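One structure is given below, encoded as structure tokens.
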Amino acid sequence: MERKLYLELCQRQAMKGGVLVEYEYIAYQPYAYELKFQPDGKIKHTAILKEPKANSLVYCRLEDVKEK
């Protein structure tokens, strides 16, 4: 998923709720985004997803997240 779209979904979820994305065939709420640099200088984009029922966070690669 593109970063801009993911950030818009996070914002919509924070304001209104009811937004879901998919990661490994499971529905999550978009929660936050993390950007960091790897030792070789490349950027690593991380999506932070919230599991609606278990109230736990899942960290995954942004490119593995799909719009639901």
Side-chain angles (χ1 to χ4, degrees):
M1 175 177 290
E2 290 187 24
R3 179 177 54 176
K4 182 180 178 187
L5 174 59
Y6 181 75
L7 292 173
E8 289 171 357
L9 293 173
C10 286
Q11 182 182 32
R12 197 176 321 150
Q13 171 61 26
M15 294 172 60
K16 298 179 183 176
V19 178
L20 294 174
V21 294
E22 189 175 292
Y23 171 65
E24 294 187 349
Y25 306 104
I26 300 172
Y28 295 96
Q29 297 168 336
Y31 183 71
Y33 168 79
E34 183 177 83
L35 181 140
K36 55 185 161 184
F37 291 92
Q38 298 181 39
D40 62 0
K42 292 183 181 178
I43 295 174
K44 183 176 181 180
H45 303 278
T46 304
I48 304 171
L49 309 173
K50 185 176 180 183
E51 196 169 347
K53 295 179 182 175
N55 199 24
S56 63
L57 298 177
V58 173
Y59 289 70
C60 64
R61 297 182 334 169
L62 182 59
E63 56 263 23
D64 294 339
V65 177
K66 297 177 184 171
E67 192 173 4
K68 190 158 170 84

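No experiment lies behind these values; they were computed from the predicted model shown.
- Linking ILVMFWY residues whenever their side-chain heavy atoms come closer than 4.5 Å, directly or via other members, leaves M15 and L49 in distinct clusters.
- For the atom pair L62 CG and R3 CZ, the distance stands at 9.0 Å (nearest 0.5 Å).
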Taking it one step at a time, do V21 and Q13 satisfy side chain to side chain contact (heavy atoms under 4.5 Å, CB included)?
CA-CA 10 Å; V21 294; Q13 171 61 26; over 6 Å; no

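- Using modelled atom types, no side-chain atom of Y6 and backbone atom of K66 make a donor-acceptor pair closer than 3.5 Å.
- In terms of heavy-atom proximity, A32 sits nearest to C10 at N-SG, 3.8 Å.
- Heavy-atom minimum distance, L9 versus P30: O-CG, 3.7 Å.
- Contact annotation: the side chain of L35 never approaches that of K44 to less than 4.5 Å [non-hydrogen atoms, C-beta and beyond].
- Going from atom CD of Q38 over to atom CD1 of I43 covers 10.0 Å, rounded to the nearest 0.5 Å.
- Hydrophobic clustering (side-chain heavy atoms under 4.5 Å, transitive across Ile, Leu, Val, Met, Phe, Trp, Tyr) keeps Y28 apart from Y59.
- Note on E2 versus K4: no salt bridge recorded, every NZ/NE/NH1/NH2 to OD/OE distance being 4.0 Å or above.
- Every residue meeting the side chain to side chain donor-acceptor pair (under 3.5 Å) condition with Y33, not counting sequence neighbours, appears here in chain and number order: H45.
- Note: R61 CZ to Y23 OH = 8.0 Å, rounded to the nearest 0.5 Å.
- Under a cut-off of 6.0 angstrom, the local environment of OH in Y31 is sparse, with at most 12 non-hydrogen atoms contributed by other residues, nucleotides or ligands.
- L7 and L57 fall into different hydrophobic clusters, where Ile, Leu, Val, Met, Phe, Trp and Tyr are joined by side-chain heavy atoms under 4.5 Å apart, directly or via other members.
- Two residues are said to be in side-chain contact when any heavy atoms from C-beta on lie closer than 4.5 Å; N55 and K50 meet this criterion.
- In terms of heavy-atom proximity, V65 sits nearest to M1 at O-CB, 3.3 Å.
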